[in-house]
Amino acid sequence: MPFWLFKSEPDVFGWAEQAAKGEAGEEWTGVRNYQARNNMRAMRCGDLGFFYHSNIGKEIVGIVEVIRESAPDSTTDDPRWDCVMVKAVRPLPRPVSLDRCKLEPGLEQMALVKNTRLSVQPVSDAEWQIVCRLGGLEG
DNA sequence: GCCAACGTTGGC
DNA sequence: GCCAACGTTGGC
């Protein structure tokens, strides 16, 4: 099963807001980048992703699950853009900072480290395991 | 707040 | 179809 990473600025929509949505989840709206959109289109219900706070915090704070596959983004009339829906699964016991990721052997190729501007990214199995371990979760 | 990296747009 | 100009993201 593939893994993903979603970036959000916590002062706009952070983990607290995501968690507050509970089982209902929330549409991941606002993506206006083809690569990021294509990543969302590749997602399937049940896929897991990290929730990353950009700008403020700069750390991976939780895990979300895809609960609806890509569908039109209600925040635009432009048919090019669509989005998935995700729900919070659990917070990381210990958030994993960007700095920590940069230092960790095995994460050198992580999109978070290499392609800082991509807002929705794929995460490899190995990267997922490493970050989960750093975050205080068993794989 | 600055600026590097990168994506998109539009003139040719 | 190339590429310069421009806009945006996000780390610092």
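Here is how names work: the chains are called A, B, and so on, in the same order as the sequence lines, proteins then strands, and each is numbered from 1.
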With respect to the phosphate group of [N], does any side-chain polar atom (N or O) of [X] fall under 4.0 Å of OP1 or OP2?
| X | N | result |
| --- | --- | --- |
| A:Lys58 | C:dG10 | no |
| A:Lys102 | C:dC12 | yes |
| A:Tyr52 | C:dT9 | no |

Are side-chain N/O atoms of A:Asp73 and A:Thr75 paired as donor and acceptor at under 3.5 Å?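 Note: A:Asp73 and A:Thr75 side chains meet the donor-acceptor criterion.
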
Closest nucleotide of DNA chain B for A:Lys114 versus for A:Arg80: which of these residues is on the 5' side?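 The answer here is A:Lys114.
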
For A:Arg32 and A:Asn55, find the nucleotide of DNA chain B closest to each by heavy atoms; which residue's nucleotide sits nearer the 5' end?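 Here A:Asn55 is the residue nearer the 5' end.
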
Verify side-chain contact (heavy atoms from CB on, under 4.5 Å) between A:Glu59 and A:Arg100, making sure each step is shown before the conclusion. CA-CA 9 Å; A:Glu59 56 189 6; A:Arg100 189 70 190 80; over 6 Å; no

In terms of the angle between their ring planes, are A:Trp28 and A:Phe13 parallel, tilted or perpendicular, with boundaries placed at 30° and 60°?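 It falls in the perpendicular class, over 60°.
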
If you pin A:Asp99 and A:Gly30 to their nearest nucleotides in DNA chain C, which one's is more 5'?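 Residue closer to the 5' terminus by nearest nucleotide: A:Gly30.
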
Could you tell me which residues satisfy ring-ring contact (aromatic ring centres under 6.0 Å, His included) with A:Trp4, sequence neighbours excluded, listed by chain and number?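 For A:Trp4 there are no ring-ring contact (aromatic ring centres under 6.0 Å, His included) partners, ignoring immediate neighbours.
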
Just the rounded figure in Å: distance from P of C:dG10 to CG of A:Leu118.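 One finds 9 Å between P of C:dG10 and CG of A:Leu118, rounded.
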
What is the distance from CD of A:Glu9 to P of C:dT8, rounded to the nearest Å?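 Taking CD of A:Glu9 and P of C:dT8, I get 13 Å after rounding.
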
A:Arg117 has a side chain; which of B:dT9, C:dT8, C:dG10 sits nearest to it?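 Between B:dT9, C:dT8, C:dG10, the one nearest the side chain of A:Arg117 would be C:dT8.
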
